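Down below is the structure, laid out as structure tokens.
Quick caveat, the model's predicted, so the values are computed rather than measured. The basis for the numbers below is simple: all heavy atoms, side chains too, and nothing from hydrogens, waters or symmetry mates.
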Number of protein chains: 2
Amino acid sequence: MSESSGGETLLFLTDEQLRQGIEAVFFAYQSFTADPDRILATMAYGRAHHRAIHFINRAPGTTVNNLLAILGVTKQSLNRVLRSLVEDELVEARVGKVDKRERHLYLTEKGEALERKLSDAQRARMRSAYRAAGPQAVAGFRTVLEAMMDPEMRRRYLSLKESGI
Amino acid sequence: MSESSGGETLLFLTDEQLRQGIEAVFFAYQSFTADPDRILATMAYGRAHHRAIHFINRAPGTTVNNLLAILGVTKQSLNRVLRSLVEDELVEARVGKVDKRERHLYLTEKGEALERKLSDAQRARMRSAYRAAGPQAVAGFRTVLEAMMDPEMRRRYLSLKESGI
DNA sequence: CTTGGAATGTCAACAAGACTGACTTAAACT
DNA sequence: AGTTTAAGTCAGTCTTGTTGACATTCCAAG
């Protein structure tokens, strides 16, 4: 009922379609985090540890400040996570040679092993979803995700994307 | 370097491609929740309240148990949220006529107003992303998201999708 | 050279929101 | 009458976010 396709010029952009998109993102994201969450729950870690490990692996030697900017949390919040990872010898924090205030972060072998375990699970899900959907759908998927990002997020995303080639 | 396209038969499924997909989901989801989060932060509410409001609006008269199943949280967790929403007169919990043990949940006018405010923000983002990406990309986006969901999540998603037609 | 400010990171305390487990109440079913 | 189901409650824990205060280091202006 109501003005379903009232103000929209493009037919596929009804409120109902948009709402379904929102719900799809919600449910997909829950599934997306479920695999690593299950693994992390067996240890004393959570999603925050996963994120830190992921991005340290992605950009080894990154500083705490750098990581902060990517994750978008406060330094105090990240610090707690980082501390436990360093204590458990998954991450090494080396004092900067040029600037001694900085800490450069690296995964240890143990840290790399966990990273692989977590990302394997997540990649397996992405791989099977990508396979099932086909290359054209994947391209569209990526296009919409990038369009959804805030300029600031997109900047972070693209900087990683380029560094990873 | 390393075995970039070593074990994959399909070229577009390199580990690097999958990793970029994972990061895209991460950054897009952050942006996706940012708008409602900003609005909610001004009140004493959080994301949990938003989710409850969203699904009550989506399926008015739903029972607590029903909502529990959709959200995938414990009743203790949902109860805390629901209690504050009822106290603040955003949600009404009516005793069931057929089964008096059940509480049927409805948004009040005040609740509907907040729901609209929150979903307007989120829909605006989706709309502009969809517009920018084009219909074909949107179709692909939806296809991949559905393929990413656990069977259980997909079941929940589809049941809502159908009820919303 | 020194001193004051800026940048980087750490510690402590608190709040939201998730969880488990144990329990109560009321209603419905058998 | 006894069991199951729906909802709600109380207590305690964990993760992860927040602010505020503080230490260390660097750098630049006087």
Side-chain angles (χ1 to χ4, degrees), chain A residues 26 29-30 33-34 36-56 61-88 91-106 118, chain B residues 26 29-30 33-34 36-54 56 61-88 91-106:
Chain A
F26 172 72
Y29 192 78
Q30 283 209 309
T33 53
D37 281 357
R38 251 190 303 276
I39 296 169
L40 292 158
T42 66
M43 328 177 185
Y45 295 138
R47 221 174 272 180
H49 299 84
H50 181 195
R51 290 199 284 261
I53 288 173
H54 175 97
F55 287 111
I56 292 172
T62 189
T63 62
V64 173
N65 236 5
N66 232 305
L67 196 53
L68 237 44
I70 287 172
L71 295 174
V73 296
T74 58
K75 60 181 173 174
Q76 295 90 330
S77 191
L78 176 60
N79 196 256
R80 189 178 341 92
V81 167
L82 235 35
R83 203 185 330 170
S84 69
L85 289 175
V86 169
E87 267 170 23
D88 299 350
V91 167
E92 200 188 339
R94 299 183 203 155
V95 174
K97 280 177 187 166
V98 182
D99 188 331
K100 285 178 192 164
R101 292 172 303 180
E102 293 179 338
R103 299 294 130 92
H104 297 272
L105 303 169
Y106 298 88
L118 293 169
Chain B
F26 172 72
Y29 192 78
Q30 282 209 306
T33 54
D37 281 358
R38 250 189 305 277
I39 296 169
L40 291 158
T42 67
M43 329 179 184
Y45 295 140
R47 219 174 274 180
H49 299 84
H50 182 197
R51 290 198 285 263
I53 288 173
H54 175 98
I56 292 172
T62 190
T63 62
V64 174
N65 243 359
N66 232 306
L67 195 53
L68 239 43
I70 287 172
L71 295 174
V73 295
T74 58
K75 64 176 172 178
Q76 293 91 329
S77 195
L78 176 59
N79 197 254
R80 188 179 342 97
V81 167
L82 232 36
R83 203 185 329 173
S84 69
L85 289 175
V86 170
E87 269 171 21
D88 298 350
V91 168
E92 199 187 338
R94 297 184 204 154
V95 173
K97 280 178 186 165
V98 181
D99 188 334
K100 287 178 192 164
R101 291 171 306 179
E102 294 178 337
R103 300 294 133 89
H104 298 272
L105 302 169
Y106 298 88

> Quick one: how far along DNA chain D does chain B reach, first to last nucleotide 5' to 3', anything under 4.0 Å to a heavy atom?
Replying inline: dT5(D) to dC10(D)

> Does H50(A) have any side chain to side chain donor-acceptor pair (under 3.5 Å) partners at least two apart in sequence or in another chain, and if so, which?
Replying inline: none

>> For G46(A) versus L40(A), what's the shortest heavy-atom pair and its separation?
In response: O-CD1, 3.4 Å

> Got a sec, which residues hit side chain to side chain donor-acceptor pair (under 3.5 Å) with H104(A), two or more places apart in sequence or on another chain?
Replying inline: none

>> Taking the nucleotide of DNA chain D with the nearest heavy atom to each, does R103(A) or L82(B) sit closer to the 5' end?
In response: L82(B)

> In whole angstroms, how far is the P atom of dA27(C) from the CG atom of N65(B)?
Replying inline: 17 Å

> Can you list the residues that meet the salt bridge (charged side-chain N to carboxylate O under 4.0 Å, His left out) rule with R94(A), with sequence neighbours excluded?
Replying inline: E92(A)

> With a 4.0 Å cut-off on heavy atoms, is V98(B) in touch with a base, just the backbone sugar-phosphate, or nothing at all?
Replying inline: sugar-phosphate

> If you look at every heavy atom in A93(A) and L105(A), which pair is closest and at what distance?
Replying inline: CB-CD2, 3.8 Å

>> R47(A): which residues meet the salt bridge (charged side-chain N to carboxylate O under 4.0 Å, His left out) condition with it, sequence neighbours left out?
In response: D37(A)

Tell me which donor-acceptor pairs under 3.5 Å the side chains of residues 62-78 of chain A have, and how far apart each pair is, sequence neighbours excluded?
unit_1 : atom_1 : unit_2 : atom_2 : d
T63(A) : OG1    : N66(A) : N      : 3.2
T74(A) : OG1    : S77(A) : N      : 3.4

> Quick one: what's the B/S/- string for nucleotides 11-21 of chain C, heavy-atom cutoff under 4.0 Å, read 5' to 3'?
Replying inline: BB----BBSBB

>> Taking side-chain contact (heavy atoms from CB on, under 4.5 Å) as the definition, give me every residue that meets it alongside V98(B), ordered by chain and number, with sequence neighbours left out.
In response: none

> Who passes side-chain contact (heavy atoms from CB on, under 4.5 Å) against D99(A), sequence neighbours left out?
Replying inline: R101(A), E102(A)

> Residues two or more places apart in sequence or in another chain: which of them pass ring-ring contact (aromatic ring centres under 6.0 Å, His included) with Y29(A)?
Replying inline: F32(A), Y29(B)

> Bend angle of the helix from dC1(C)-dG30(D) to dT30(C)-dA1(D) from five-pair axes at both ends, rounded to 10°?
Replying inline: 10°

